[in-house]
Every structure is written in C-alpha cells, then in structure tokens.
Amino acid sequence: MLPSLVVRPCRHTGRVSSDIPPHRIPGRADVLVVGAGPGGSAAAAHAAAAGHDVVLLDAATFPRDKTCGDGLTPRAVAELDHLGLGDYLDDRPRIDGLALHGWGAQQLVHWPSGRFPAYGSAVSRVEFDEAIRVHAVARGARMIQGAKAVDVTMSNGRIDEVIVESADGPAAIAVRDVIVADGVRSALGKALGREWHRDTAYGVAARAYVPSGRADDHWMGSHLELRGPDGALLPGYGWVFPLGGAGDGLLNVGVGALATAQRPAHMALRPILEHYARMVGDEWAIGGPPQRITSALLPMGGAVTGVAGPNWMLIGDAAACVNPLNGEGIDYAMETGRLAVELIDDTRRSPDHTTRWTDILVEHYGLAFSAARRLAGVLTVPQAVPTLGRPGIRSARLMSLVVRVMGNLITPEDADLVARAWRTAGRVSTRIDDRPPFR
Ligand SMILES: Cc1cc2nc3c(=O)[nH]c(=O)nc-3n(C[C@H](O)[C@H](O)[C@H](O)COP(=O)(O)OP(=O)(O)OC[C@H]3O[C@@H](n4cnc5c(N)ncnc54)[C@H](O)[C@@H]3O)c2cc1C
C-alpha cells in the first residue's frame, strides 16, 4: 500500500489546520488574498507581518492536494527564509542537485552556489501548502476556507467589493487591495480581464506517487530523453523527486511536455507516465505502480496580459510566473507574493498598482522568461531535443550551465560570462518578441 502524505504540525507554531478556528466571512479587509497556494499564503503572511488587516480566502478546504512535482528549487528555499520559515526544511529531504539522464549518459550536477542557497528539497503539496497557510494565520491573516471568489464590483478599474460564495450563501467583502493568487485558470483574474496567450511555450504535465527504497536520495532525477510506450521520442522530460523517508518513503514521478499554439502537445500523459515509471523502476527502487495520477496545464513565462489594476494584482500561476524551461513555479508564486506586498506598502502614498506591478514583473522576470520561452519553443520542434541533448548530456560543464540557466538561478548581480550572455539573449529576445512577457 502507498504510504500516506502526512501533514506535520508547523514547527514554528506547533499548529495543524484543525487548531485554526474557522472565521466567518468579514464585511471588509485591507488586503484580500484570493487563493491559499504558496503564492497567496506567502502574500498573506508578508502582508499580515507588515501590519495590514488581511483576509486569506480559498475555495478548497485544507489540507488539500495540488497537482505538482513537489520540487523546491534553491529559489523556493530562499523564499522560505524571507517568510521566516528558514528551518522548515531541516527535517525534509535535502536535494543537492540534479541527476540528468539521456541518450545513455548521466551527469550529477550540483545546484550552483551564489546568491541562492545551494540546495533544494521536495515536499508534498498537501504538506507544504498547509505549512505556509498555517504560518500566514499565525502571523495574523484571517483564513476563510470553502469560500470561492466569484465576481467583483468595480469603479474606475478599482475593485470595491469581492463577491464570495460559500455554504452560507453569497457575501460581499469590501476591499482596499486585492491580491489574486487563484492559480492556473485564474477565474477571478479572467473576470478582471486577464488573458492567457498560447503563442509562446506552455506546459502540460502529469504527476503520480510511487513507493520507493530510494525516497531519501539527495538528487532529483531528470530525464531529458522522454520516450512513449512505443519508443517514440517525445518533446518533453521526466522527473523523479524523492520526498524523504528512509527505506519506505515516496517519490513524486512525473512527465511534462512543452507545447505552443502552433505545435500543441497531443499526448495522453497517463500511459506515458506509467511507461516512464516502469523505465526508471529498477534504478529508483520503485515498489509499486504509480498512484494518484493527475495532470494539469501550465501557463509559462509571463504569457498573460491584464495582470494589474489600480488596487489589484495577479501573482504566481495567475500571472503565468512559471519557468518555461522546467515548469517550476512555487518559488515565483512566493516571490511575487512578497513583491506584491512590498508594492502595496510602497504605493500607500500614491495608490495605483496598474503600471507599477506590470513593470515590477517585467523587471524581475522579463528578460529570463522571454529568452527561456523562446528556447522552450525551439524544444517543441521534434528534432531539436536529440540534436541538442545527445552531445550536451556528455559534457559536465555544459550541463552545469544548463542547470543554472534552466533553473533561472542567474541573478542581476552575477557578472560572469554566462550571466552576461544570458541577459543579452534576454534583451534581444524581448526586443523581437511580438508580445513581451506580461505586456
Ligand atoms: C504536473 C505539474 C508539476 C509541477 N511541478 C512543479 C515543481 O516540481 N516545482 C515547482 O516549483 N512548481 C511545479 N509546478 C508548478 C506549481 O505547481 C505552480 O507554479 C504553483 O502551484 C503556483 O502556486 P500559486 O499559489 O500561484 O497557485 P496554486 O498553488 O494553484 O493555488 C491556487 C489556490 O487558489 C484557490 N482558488 C482558485 N480559484 C479560487 C477562487 N475563485 N476563489 C478562492 N480560491 C480559489 C485554489 O483552491 C488553490 O488553493 C508544477 C505544475 C504541474 C501542473
């Protein structure tokens, strides 16, 4: 039987969700955060810590699952520090880097050392999202579960009220600022005019859990040569992320594919995932078939417009803040949550986020997302992956460069040749973009 995904009490507060008394839907909030994924909960925690009256709202009842690879990059580890949860990962898996496989070769590549911590982790989203949410509540955010934001009332582009539906019926919450963190589909974002453009690369991905004798491994497995059950090479990648547990823990296994409107990925992900799990079964000491298989789309690389208005901002997946080269977005969700609160504090003097929020997203992610999604678009061309991958995987130097670039672990402060070349690529790419990120 598959071990269950446990939710441990938050080590800072000792709390689990059942300790948190449910709040009634209030009539007003300074900052209303819609969605309690890592983006929304991080935003709520930062806003509450900054002294705002915060309401955090989610349609789901927690703890809840979220389709994900559960992988935490060094960027995500850095965000936990910003939240004051620096020691959250002390008793979780410590991941030193990526074990890259393909075309008969393997490279172990350490995370680069630099501004970000030199390690990552992997924690099931049932547990991870719960920890951040509980932390937000401990900091003073009022959490409403099982309440869906369905509409808004507006004047001059400003949100006056958010309309919420729960088991008690509809209610209206008057707001000063709204942070929209409602994920990939972003129904509230759509109601506010957010549009997702699929002419640049987006992802489709599926994940599952398997029992394994190697769940306490220190490497994330990443297979750049992904083949379907018929042996055909697919424009995608496979992953194996160890979730911890000596001898009898779980792995998150998954497959992801890149697509564009021009080259959509018409693949049945479930059989590909099952085949992939069999393929890596011996190597990863997998002790059973994949279970809890789910899949989802991933808007990537800031391929959305309409991310802000005078008193509202979209963050995380709602703003397509997902890395086009590896599909990670937990870190960007948390980062954008922090940046949104910084903007709210900054603009209390001149309160209009419309242009500033778009500018902030462009400033932080524009160049990297533009270059990355262009490269991701190239990888959707069938021959591109073997042409680049077969020779590339044999070079340790090249693969460490790939991990640094693919993980977007280059910072504006980095002044080495690779960093400068990547920024130049970003500038050129943005200049020739029909639609640059977030615009
Ligand atoms: C298969 C797959 C694998 C992935 N693997 C990784 C990985 O290994 N590492 C990584 O970093 N990223 C990964 N990602 C991406 C990652 O899952 C997302 O980037 C991340 O969850 C974004 O967080 P978020 O807070 O923006 O949104 P979410 O985590 O999606 O949270 C949104 C929340 O909003 C709530 N909500 C939605 N609508 C409403 C509404 N109207 N009213 C109230 N609440 C609402 C939802 O219930 C949900 O709790 C993966 C994605 C997929 C699909």
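Counting starts at 1 for both ligands and their atoms, in listed order. Both backbone and side-chain heavy atoms feed into the values below; hydrogens, waters and symmetry mates do not.
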Would you please determine whether [X] falls within less than 4.0 Å of ligand 1 on a heavy-atom basis?
X	result
Gly203	no
Gly254	no
Met334	no
Leu188	no
Gly327	yes
Arg185	no

Location of contacts on [X] toward ligand 1, heavy atoms closer than 4.0 Å:
X	answer
Asp70	backbone
Ala147	backbone
Phe241	side chain
Cys68	both

Run the numbers for me: atoms of ligand 1, each under 4.0 Å from some heavy atom of [X], listed by number.
X	answer
Ala181	32 (C), 33 (C), 34 (O)
Gly39	25 (O)
Gly71	7 (C), 8 (O), 9 (N), 10 (C), 11 (O)
Gly37	25 (O), 29 (O), 31 (O), 33 (C)
Asp317	18 (C), 19 (O), 20 (C), 22 (C), 26 (O)
Val34	42 (N), 43 (C)
Ile330	9 (N), 10 (C), 11 (O), 12 (N), 19 (O)

Anything under 30° is parallel, anything over 60° is perpendicular, the rest tilted; go ahead and classify Tyr365 against Phe369.
-> parallel
In terms of heavy-atom contacts, does NZ of Lys66 have more than 12 from other residues, nucleotides or ligands at under 6.0 Å?
-> yes
More than 12 heavy atoms of other residues, nucleotides or ligands under 6.0 Å from CD of Glu413: is that the case?
-> yes
Any nitrogen or oxygen of [X], side chain or backbone, less than 3.5 Å from one on ligand 1?
X	value
Arg64	yes
Gly329	yes
Arg125	yes
Leu297	no
Ala296	no
Val322	no
Trp239	no
Gly69	yes

Taking atom types as modelled and ignoring hydrogens, do the side chains of [X] and [Y] form a donor-acceptor contact shorter than 3.5 angstrom?
X	Y	result
His353	Asp177	yes
Thr355	Asp359	no
Trp239	Asn252	yes
Thr411	Asp414	yes

Provide, to 0.1 Å, the distance between [atom] and the closest protein heavy atom, together with that atom's residue and name.
atom	value
atom 37 (C) of ligand 1	Asp182 O, 3.3 Å
atom 34 (O) of ligand 1	Gly35 CA, 3.3 Å
atom 52 (C) of ligand 1	Thr67 O, 3.6 Å
atom 51 (C) of ligand 1	Leu298 CD2, 3.6 Å
atom 43 (C) of ligand 1	Ala59 N, 3.3 Å
atom 1 (C) of ligand 1	Ala205 CB, 3.4 Å
atom 48 (C) of ligand 1	Asp58 OD2, 3.4 Å

Steps toward salt bridge (charged side-chain N to carboxylate O under 4.0 Å, His left out) verdict (Arg125, Asp70) = CA-CA 6 Å; Arg125 292 290 298 274; Asp70 302 334; 5.5 Å; no
Is the His223 to Tyr276 ring centre distance short of 6.0 Å?
-> yes
Taking the six-membered ring for Trp, are Trp196 and Tyr202 ring centroids under 6.0 Å apart?
-> yes
Side chains of [X] and [Y] in contact at under 4.5 Å (non-hydrogen atoms):
X	Y	answer
Val307	Leu361	yes
Glu127	Arg92	yes
Ile179	Ile344	yes
Glu283	Arg214	yes
Thr260	Arg263	yes
Trp219	Leu108	yes

From Asp331, Val123, Ile95, residue fulfilling side chain to side chain contact (heavy atoms under 4.5 Å, CB included) relative to Leu72 | Val123
Nearest candidate to [atom], where distance is taken over non-hydrogen atoms, out of [options]:
atom	options	value
atom 27 (O) of ligand 1	Ala76, Gly316, Ala149, Gly183	Gly183
atom 28 (P) of ligand 1	Lys66, Lys190, Glu165, Met300	Lys66
atom 23 (O) of ligand 1	Ala42, Ser295, Ala333, Gly120	Ala333

Evaluate the criterion side-chain contact (heavy atoms from CB on, under 4.5 Å) for residue pair Val255 and Tyr237; output intermediate values, then yes/no.
-> CA-CA 6 Å; Val255 293; Tyr237 52 92; over 6 Å; no
Starting from the C-alpha separation in whole Å, work towards a yes-or-no answer on salt bridge (charged side-chain N to carboxylate O under 4.0 Å, His left out) for Glu79 and Arg75.
-> CA-CA 6 Å; Glu79 279 312 306; Arg75 258 190 122 99; over 6 Å; no
